[in-house]
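Inspection log for the structure reproduced underneath, given as structure tokens.
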Amino acid sequence: MSTNKELAKTYEPREVEDRIYQFWVDGGWFHAEPDPDKTPYTIVIPPPNITGQLHMGHALDNTLQDILIRFKRMQGYATLWLPGTDHASIATEAKVVEAMRKEGLTKDMLGRDGFLERAWAWKNQYGNRIVSQLKKLGSSCDWERERFTMDEGCSAAVREVFVRLYDEGLIYRGNRMVNWCPHCHTSISDAEVEYEERDGHFWHLLYTVKETGEQLELATTRPETMLGDTAVAINAEDPRYAHLHGCHVILPLVGRELPIVCDEHADMTKGTGVVKITPAHDPNDFEVGRRHDLPIIRVFTYDGLMTGAADKAAADELRASGKAAAGEPEVLDCGKYAGMTTAEARRAILEDLEAGGYLKETEPHRHDVGTCYRCHSTIEPMVSKQWFVKMEPLAGPAIEAVEKGEIRFVPERFTKNYMNWMRGTRDWCISRQLWWGHQIPAWYCDKCGATVVSKEDPTVCPHCGGTLQQDPDTLDTWFSSALWPFSTLGWPNTESEDLKYFYPTNTLVTGYDIIGFWVSRMIFSGLAYTGKAPFQTVLIHGLVRDSQGRKMSKSLGNGIDPLEIIDQYGADALRFMLATGNSPGNDMRFMNDKVEASRNFANKLWNAARFILMNIGDNDVPLTLPTELTLEDKWIVSRFNTLVQAVTENLDKFELGIAVQKLYDFIWDNFCDWYIELCKSRLQGENAGAARQVLVYVMTGMLQLLHPFMPYVTEEIWQSLPHEGDALMVTKWPTYDAALAFPEEEKEMERIMEAIGAIRNRRGEMNVPPSRKAQVYIETSFVDTFEKGVPFFQRLASASEVQIGAAFDIPGAVSIVTADATIKIPLDDLVDKAAELARLNKEKDNVQKQLDGVNARLANPAFTDKAPANVVQTARDQAARLQEKLALLEQSLAALQ
RNA sequence: GGGCGUAUAGCUCAGCUGGUUAGAGCGCCUGCUUCACACGCAGGAGGUCAGCGGUUCGAGUCCGUUUACGCCCACCA
């Protein structure tokens, strides 16, 4: 079937993309089903947040995935690219709260159910935006399988895992030090804390020793925590304070008596060697507190204010009721400081300390401050009752799987990154004080205080029949993301056909910035719950930066909208640009020039197709190669054959940037600049049919190889060329064919091309316009080869007539020497004899220099003995060629004089 | 304090397991209304591959070291 039609002079992506995308969708070619006759190839998408808008990072990530998927699909795999979105608990909740705020509403006013209703409405309204944006990019996802981290299946998987881990003792609840974001009003995991360097101070305080009356100097960066101090630590080995063992200090402003404890945490070499201990608000101090069984006194509220009488009363009441869990902190009524923000309290406390003579010194100090990854508020370390996943038993197998090579990172260096993360990680705080997300499947009995953890919602307490309250908290978003590779395929139903067929997945494509957040958690989750590594290869890419190398960010306003780029240059140009000049794991800069170059390339291809179509006209073109191939046919076919092999290999090795470069070079340089030009004379003559066949054959092959990178333009062209089948995207990927390798013809053709290049070069240097044709005499021992090239010299080297022979006596002619021939062109009137002489001499020197170099190597026995035979042979051949060229140059020089 | 990355043409970057004279795009210079394409064609200039040392017959590529920049991790009062 062929559907020839006129193509516009320039490629107009806007008129093509949506139509082609719809055509693919209608064809059902994105959809995958388990097929016993095929091998599966699966990628699960890193689910973008429903709050998100497509940014360059998504564009890169999804372009890479689509390239791999389209490649594998054409190779005949049962290819599944499973799409979906992430509920993004904190981000979404913040958006919904913000929208409510504008209406004067708060969460508390709506209540949990009312709030969730609004959140779902928000999700339904905006959650699909990113999906439609992914489609714009050309992503060939199986949209029939689109998933959401809070859909029924994913939620079931979450509960299954939670209950299982709880039963195995790997999930526990307790009062621990967590990172508290006062702004988002929730705990966050260690991974979600970002450290920022900020200016601060060391405040040197004086605490009076009760027993001796001496003043103990200690430094702190956070004086507002002093109200919660429950001890002062010194090092047992410190001779300066040996006499204070067992003594006490009086806490300034508060008057509380604190023990002086000996603890390794106190470092003799730092400051005065004395540290104040605030177990409720510092991770180190918390540990010191546990070692010495110190009271934990909380002085901040969860809103980041100083605690007051009401807070204390609430805590005391809990305590009195007997329901307080182990390690439940006491709460201080901060008196005059109550209700202040921590920053206000810091100022007030410092003033009071100074007034009381307790502040010895203030010293400027830069230090790292933990901030919330979302809102960048300063994190308050707080003792709080949260749910945790015990990491150590899970990390072991996850480390092993990578060590054993079951999972491979590309590039490999990120293995180290992963290992560091896995080895160093502490227990994972998974509870969040949010409503949007998976509510923790734990219930507490009002009556007997029992904790019930269950997959199904229980109605009454199984122990005493009392009423149950479900834990109000939700799970960390990453808890469900961690299950994504299998929860989306039907797990926990292990009989699911999809799960059996498509899992484990093959390749995970993501940025290095979420190895800790996501990749590592998927790995230990997959191993723990399915017994299998969730994927074989993790292809890591870098960040897309702005043209100055800065991270694209909202606050800088330097982000570039991929959709605008698509609108302006086309999705193919954007994709091609993102895949070009980039190696795995490295950051890249976004530059308009690069997109433009890619757009130009798409247009080049388009015009090559136009040329072919124009020459096809009404003729039928068989989709095979003609029986008789000319020299130039064999050259391009053989080169293409090599290209197929190279590109396939590169793609198999995830060297997408290299593959795309080879395609670019072949299409532009070999095919357009040479082969099409070489064909032109033949297309006018009787042999045009064969030329058309080869043109269509090679063009079709190029379209196939390029399709994963530039799906739209290739499909559009393919549809207008003679073709078989419904769509380029489901044609069979080309394979190397030994019968189409013509190394001899390639060499012959290159001799001719070199000669043409040399002539152009000379004419260019002499500023001879192409319109001035000239006779060309070729002295060569490759007469047959050059005979075949006569029309090429005429068309591409401005030759009028071409003579080929052993020797020509053309007095005053310009002479051009290649390794295979001396070319003489009578352009007497244009020749500056002196310049000609100088040029020939210069070239002779150059050749001589090269020859000397090669000869020196060949004369070195160490080289000839130790270097591989083919390398030595190459050097010998080269020496021979140079020798020959030198001789020809000398002849030309002699003739000139 | 650990770990990692980058340093190649004016700019942005490729260069996989070491092997002829190190490549591309953009920019620059010279020509060209050549019947696909000026989003084009032909030609050209431009690089001691950050410095130093080493391994090797041979190093942009491997090893060591120095410098500059960037990133990640780490509880440092």
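We name chains A, B, ... by the order of the sequence lines, and we start the count at 1 in each one.
For A:R760, counting side-chain heavy atoms from C-beta on, the closest listed nucleotide (B:rG19, B:rC32, B:rA42) is B:rA42. Comparing B:rG19, B:rA36, B:rA74 against the side chain of A:D368 picks out B:rA74 as the nearest. Listed candidates were B:rA36, B:rU21, B:rG40. Nearest to the side chain of A:F611 is B:rA36. Closest to the side chain of A:D673, from the set B:rG19, B:rC41, B:rG25, is B:rC41.
Spacing between B:rG15 and B:rA77 at atom P, rounded to whole Å, works out to 42 Å. Nucleotides B:rA59 and B:rG53 have their C1' atoms positioned 14 Å apart, rounded to a whole Å. Comparing B:rG10 with B:rC29, their C1' atoms sit 14 Å apart, to the nearest whole Å. Taking atom C1' in both B:rC26 and B:rG40, the straight-line distance is 16 Å, to the nearest Å. Spacing of P atoms, B:rA24 relative to B:rG46, comes out at 14 Å, to the nearest Å. Taking the C1' atom of each, B:rA74 and B:rG1 are spaced 8 Å apart, rounded to whole Å.
Across all strands shown, B:rU61 remains unpaired; no Watson-Crick or G-U wobble contact has both distances below 3.5 Å. With a cut-off of 3.5 Å on both Watson-Crick or G-U wobble distances, the partner of B:rC26 is given as B:rG10. Judged by Watson-Crick or G-U wobble contacts below 3.5 Å, the nucleotide B:rG70 has B:rC4 as its partner. The partner of B:rG18, taking Watson-Crick or G-U wobble pairs whose two distances both stay under 3.5 Å, does not exist in any strand shown. B:rU33 makes up no base pair with any nucleotide shown, lacking Watson-Crick or G-U wobble contacts both under 3.5 Å. In this structure, B:rU48 forms no base pair with any nucleotide, since neither Watson-Crick nor G-U wobble geometry is met with both distances under 3.5 Å. Nucleotide B:rU56 has no partner under the Watson-Crick or G-U criteria, as no pair reaches both atom distances under 3.5 Å.
Separating the CG atom of A:D263 from the P atom of B:rC76 is a distance of 17 Å, rounded to the nearest angstrom. The NE2-C1' distance, from A:H367 to B:rC75, rounds to 14 Å in whole Å. For the pair A:N870 CG and B:rG19 C1', the interatomic distance rounds to 8 Å; values are reported in whole Å. Protein atom NZ of A:K416 is 18 Å distant from nucleotide atom P of B:rC72, rounded to whole Å. Atom CG in A:D587 sits about 11 Å away from atom P in B:rU6, given to the nearest Å. Atom CG of A:N420 and atom P of B:rG1 are 18 Å apart (whole Å). Nucleotide B:rC75 holds its C1' atom 11 Å from the CG atom of A:N179, rounded to whole Å. Distance, A:N855 CG to B:rU20 C1': 13 Å, rounded to whole Å.
Among the protein residues, A:N586 comes within range of the sugar-phosphate backbone only, with heavy atoms under 4.0 Å from sugar or phosphate atoms but none that close to a base. Among the protein residues, A:H365 comes within range of the sugar-phosphate backbone only, with heavy atoms under 4.0 Å from sugar or phosphate atoms but none that close to a base. Among the protein residues, A:K594 comes within range of the sugar-phosphate backbone only, with heavy atoms under 4.0 Å from sugar or phosphate atoms but none that close to a base. Among the atoms of the strands shown, base atoms are found under 4.0 Å from some heavy atom of A:R599. Counting non-hydrogen atoms under 4.0 angstrom, A:K276 reaches nothing in the nucleic acid. Nucleic acid contact for A:I612: none, since no nucleic acid atom lies under 4.0 Å from a heavy atom of the residue. Within 4.0 Å (heavy atoms only), A:W203 reaches no atom of the nucleic acid at all. Here A:Q850 lies in heavy-atom contact (under 4.0 Å) with a base. Within the 4.0 angstrom heavy-atom criterion, only backbone atoms of the sugar-phosphate kind lie near A:S583; the bases stay farther away.
Between A:W421 and B:rA74 there is no side-chain polar atom (N or O) within less than 4.0 angstrom of OP1 or OP2. Note on A:R589: a side-chain N or O is less than 4.0 Å away from OP1 or OP2 of B:rC13. Proximity of A:N846 to the phosphate of B:rU21: no side-chain N or O atom is located under 4.0 Å from OP1 or OP2. Between A:N603 and B:rA38, a side-chain N or O to OP1/OP2 separation shorter than 4.0 Å is absent. Taking side-chain N and O atoms only, A:T220 has no distance below 4.0 Å to OP1 or OP2 of B:rA77.
Counting distance only, with no hydrogens placed and no angle test, the side-chain atoms of A:N615 and the base atoms of B:rA36 include no donor-acceptor pair under 3.5 Å. On a pure distance criterion of 3.5 Å, no polar donor-acceptor pair joins the side chain of A:K9 and the base of B:rC37. At a cut-off of 3.5 angstrom, the base of B:rA36 holds at least one donor-acceptor pair with the side chain of A:E677. Judged by atom type and distance alone, A:D593 does not reach the base of B:rC26 through any side-chain donor-acceptor pair under 3.5 Å.
Aromatic ring orientation, A:W606 versus A:Y11: tilted (interplanar angle from 30° to 60°). Between A:F202 and A:H204, the two ring planes are perpendicular [angle over 60°; tilted spans 30° to 60°].
Of the possible donor and acceptor atoms, one in the side chain of A:R240 sits under 3.5 Å from a partner among the backbone N and O of A:M268.
In the displayed structure, A:K849 atom NZ is contacted under 6.0 Å by at most 12 heavy atoms of other residues, nucleotides or ligands.
Between A:L683 and A:F611 there is a side-chain heavy-atom pair separated by less than 4.5 Å. Annotation: side chain of A:R291 is in contact with side chain of A:E264 (closest heavy-atom distance under 4.5 Å).
Under the 6.0 Å distance and 45° angle rule, A:R521 counts as a cation-pi partner of A:W428.
Screening A:F666, A:Y664, A:F671 against A:W668 for a ring pair (Phe, Tyr, Trp, His ring centres under 6.0 Å) leaves a single residue, A:Y664.
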